[in-house]
Each structure stands twice: as C-alpha cells, then as structure tokens.
A.B. asks: 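Provided herewith is a single structure, encoded as structure tokens, for subsequent inquiry.
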Amino acid sequence: DPALSQDADSLMISGYLYEGLVRLGADGEPDPALAESWVISDDQLDYIFTLRPNAVFSDGTQITPDIVAENFNRWFDPKSPLRGSGDYATWGRIFLGFLGEKGADDRAKSSVDGIQKVDVNTVLIHLNRPVPDLLKYLADPAFAILSPAVLASGNYGGQDSTIISSGPYQVSSWTD
C-alpha cells in the first residue's frame, strides 16, 4: 500500500504499479497521469481535475471521481472505512494534519479542506490555504489511486492479497 510505505524499495515498486492524478515529468514538473487536465482557481484554493476517460484499474474497473474521492478520504479522514490502522505519515508531513484536527488558533491544521465529485469525469480538491506545490505533492507515490473494493478486503498490500494496479505494470507473481 503506497499510502503506508516509507521504504525506498516499496515506493519504487509502487511507482510502477500505481498512478495518481499527476506524475512528475523528466523536468520535475507535474504531468497528466490519471487526470488529463486541471484548472486552479484564482485564489489557489480550488483544484479541479478532469480524469482521463480511459483510466482503468488492471481488472478493467473504470477509475471514477467517486473512487478518487474515496482514496483522498482514506488518507485525510481518520474515520474513513478504508483507512485501516496506518498512520499516513506522508499525508501528515505534507498536509500538516487530518480531518477534524485543529491548531492552537482553532483553525484546521490540514491545508486540505476536502474533495468532492463535480461530475462523471471531474473532482475538486478544496484547500484551507494555498499550497503552491500541491501538484508536485500529489505526484508522490503515497497518493496513488487504489481500488476501494480491494482496499475494503482489509489485508491489502501483502503477498496473499490481490494486487489491482492503476499504473502501467501489474503483479503477475510474488515470491520471497
């Protein structure tokens, strides 16, 4: 599970198996991945992503705005049914907090306010304050999109689990 991985080898493999909304190009700048395009509001608080219409998991399941939102909520919301027992350290380090956490000033700790489906091909990420490097952050393997159906099984990411990828490669076998 790339959202829970911290070691370099696991993150490298995750980069082959999974994609997020964006990836970093050779120049270090964000390129389209599962999102074919995005628009940033003038106040830099809303990022609207249009998903590729042909974005699918390795089992053929269409990647939809609902699936993207479920993944974001898993990282952001400690009460998400898909969260499991992980600490989501990368999310905490980059976005500074989780849903419901308040700072000493009684404002939300997290720079992310939430995500929502806009229509059948579009999601909106709303921020509490501007995050100039948001697109680069979203390219981190920890924010790759995974199948909620497989995550719901409760044992995802181990040798005995079914690995459904969203990236260019699939697991055909796994041995010690």
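In what follows, residues are counted from 1 in the order of the sequence shown.
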A.B. asks: My understanding is that only residues two or more places apart in sequence, or in another chain, count here; which of them pass side chain to side chain contact (heavy atoms under 4.5 Å, CB included) with Ile40?
C.D. replies: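 Residues passing side chain to side chain contact (heavy atoms under 4.5 Å, CB included) with Ile40: Trp38, Gln44, Tyr47, Leu135.
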A.B. asks: Is a side-chain donor or acceptor of Ser110 paired with a backbone partner of Val112 at a separation under 3.5 angstrom?
C.D. replies: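 Here the side-chain-to-backbone pair exists.
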A.B. asks: Roughly how far, to the nearest 0.5 Å, is the CD1 atom of Ile145 from the OG1 atom of Thr64?
C.D. replies: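 It comes to 10.0 Å.
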A.B. asks: Hydrophobic clusters here meaning ILVMFWY residues chained together by side-chain heavy-atom distances under 4.5 Å, can you tell me if Tyr137 and Leu4 are in one?
C.D. replies: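 In one cluster with Tyr137: Leu4, yes.
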A.B. asks: Examine distances only and state if a side-chain atom of Asp140 and a backbone atom of Phe143 form a donor-acceptor pair shorter than 3.5 Å.
C.D. replies: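 It does not hold such a pair.
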A.B. asks: Do Val171 and Leu17 have side chains that approach each other closer than 4.5 Å (heavy atoms only, starting at C-beta)?
C.D. replies: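 Yes. Closest side-chain heavy atoms under 4.5 Å.
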A.B. asks: Go through the structure and list residues passing side chain to side chain contact (heavy atoms under 4.5 Å, CB included) with Asp77, not counting sequence neighbours.
C.D. replies: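 Testing Asp77 for side chain to side chain contact (heavy atoms under 4.5 Å, CB included), a comparison that skips the adjacent residues, returns Lys79, Ser80, Leu99.
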A.B. asks: CG/Leu21 to CZ/Arg52 distance, rounded to the nearest 0.5 angstrom?
C.D. replies: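 Answer rounded to 0.5 Å: 11.0 Å.
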A.B. asks: Remaining members of Leu124's ILVMFWY cluster at a side-chain heavy-atom cut-off under 4.5 Å?
C.D. replies: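 When side chains under 4.5 Å apart are linked, the cluster holding Leu124 also contains Ile48, Val118.
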A.B. asks: Would you check if Lys117 and Thr122 make a side-chain contact, meaning some heavy-atom pair closer than 4.5 Å?
C.D. replies: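 They are not in contact (no side-chain heavy atoms under 4.5 Å apart), so the answer is no.
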A.B. asks: How would you list, by chain and number, every residue that makes a side chain to side chain contact (heavy atoms under 4.5 Å, CB included) with Ala149, sequence neighbours excluded?
C.D. replies: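 Listed in chain order: Ser147.
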A.B. asks: Taking C-beta and beyond as the side chain, do Leu127 and Asp113 meet within less than 4.5 Å on heavy atoms?
C.D. replies: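 Contact flag for Leu127/Asp113 side chains = no.
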A.B. asks: Are the side chains of Leu82 and Glu70 in touch, meaning some heavy atoms are under 4.5 Å apart?
C.D. replies: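 A side-chain contact exists here, since the closest heavy-atom pair is under 4.5 Å.
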A.B. asks: Side-chain contact test, heavy atoms from C-beta onward, threshold under 4.5 Å: evaluate it for Ser111 versus Val131 and give yes or no.
C.D. replies: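 Yes. Closest side-chain heavy atoms under 4.5 Å.
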A.B. asks: So do the side chains of Leu51 and Val68 get within less than 4.5 Å of each other, counting heavy atoms only?
C.D. replies: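 Yes, side chains in contact.
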A.B. asks: Taking all heavy atoms of Ile163 and all of Ser58, pick out the closest pair and write down the distance.
C.D. replies: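 Taking Ile163 first and Ser58 second, the nearest heavy atoms are O-OG, 4.4 Å.
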A.B. asks: Given the rule in the side chain to side chain contact (heavy atoms under 4.5 Å, CB included) test, do Gln6 and Leu11 qualify, once you have shown the distances and angles that lead to the verdict?
C.D. replies: CA-CA 7 Å; Gln6 297 293 314; Leu11 291 171; 5.9 Å; no
A.B. asks: Verify the distance criterion only: is there a donor paired with an acceptor across the side chains of Tyr88 and Arg83 at less than 3.5 Å?
C.D. replies: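 Absent: no donor and acceptor within the cut-off.
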A.B. asks: Testing Trp75, Phe72, Phe49 for side chain to side chain contact (heavy atoms under 4.5 Å, CB included) with Ile115, which one passes?
C.D. replies: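 The side chain to side chain contact (heavy atoms under 4.5 Å, CB included) with Ile115 is passed solely by Phe72 among Trp75, Phe72, Phe49.
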A.B. asks: So, the side chain of Glu19 versus the backbone of Ser165: is there a donor-acceptor pair under 3.5 Å, distance only?
C.D. replies: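 Between the backbone of Ser165 and the side chain of Glu19 there is no qualifying donor-acceptor contact (under 3.5 Å).
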A.B. asks: Roughly how far, to the nearest 0.5 Å, is the CG atom of Asn54 from the CG atom of Leu34?
C.D. replies: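 Separation between the atoms: 10.0 Å.
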A.B. asks: Any side-chain to backbone donor/acceptor pair from Asp7 onto Ser10? Under 3.5 Å, distance only.
C.D. replies: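 Yes, because the side chain of Asp7 sits within donor-acceptor range (under 3.5 Å) of the backbone of Ser10.
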A.B. asks: Is there a path from Leu146 to Ile13 through hydrophobic residues (I, L, V, M, F, W, Y) whose side chains come within less than 4.5 Å of each other?
C.D. replies: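 They do share one cluster, since a chain of ILVMFWY contacts under 4.5 Å joins Leu146 to Ile13.
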A.B. asks: Less than 4.0 angstrom from a charged side-chain N to a carboxylate O is my criterion; do Glu29 and Arg23 meet it?
C.D. replies: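 The answer is no: the pair does not qualify as a salt bridge.
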A.B. asks: Examine Tyr169 together with Tyr18 and report whether their ring centres are nearer than 6.0 Å.
C.D. replies: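 Tyr169 vs Tyr18: aromatic centres not under 6.0 Å.
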A.B. asks: Within a strict 4.5 Å, meaning less than it, do heavy atoms of the Asp1 and Leu151 side chains meet?
C.D. replies: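 Sidechains of Leu151 and Asp1: in contact.
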A.B. asks: Partners of Arg93 by salt bridge (Lys or Arg N to Asp or Glu O under 4.0 Å), sequence neighbours excluded?
C.D. replies: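 Counting only residues at least two positions away or on another chain, Arg93 forms no salt bridge (Lys or Arg N to Asp or Glu O under 4.0 Å).
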A.B. asks: Hey, is the main chain of Val150 close enough, under 3.5 Å, to the side chain of Ser153 for a donor-acceptor pair?
C.D. replies: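 Side chain of Ser153 to backbone of Val150: a pair is present.
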A.B. asks: Give me the one residue out of Ile67, Asn71, Ile63, Val56 that meets side chain to side chain contact (heavy atoms under 4.5 Å, CB included) with Ser166.
C.D. replies: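 Only one of Ile67, Asn71, Ile63, Val56 forms a side chain to side chain contact (heavy atoms under 4.5 Å, CB included) with Ser166, namely Ile63.
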A.B. asks: So does Arg129 pair up with Asp43, basic N to acidic O under 4.0 Å?
C.D. replies: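 No, no charged N to carboxylate O under 4.0 Å.
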A.B. asks: Taking all non-hydrogen atoms of both residues into account, name the closest pair between Gly20 and Ala33 and its distance.
C.D. replies: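 Between these two residues, the closest heavy atoms are O-CB, 3.2 Å.
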A.B. asks: I'd like to check Ile125 versus Asp46 (side-chain heavy atoms, cut-off strictly below 4.5 Å). Are they in contact?
C.D. replies: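 A side-chain contact under 4.5 Å is absent here.
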A.B. asks: For a quick test of your reading: what N or O donor-acceptor pairs under 3.5 Å do the side chains of residues 100-109 make, sequence neighbours left out?
C.D. replies:
from, atom 1, to, atom 2, distance (Å)
Glu101, OE1, Phe98, N, 3.0
Asp105, OD1, Arg107, N, 3.0

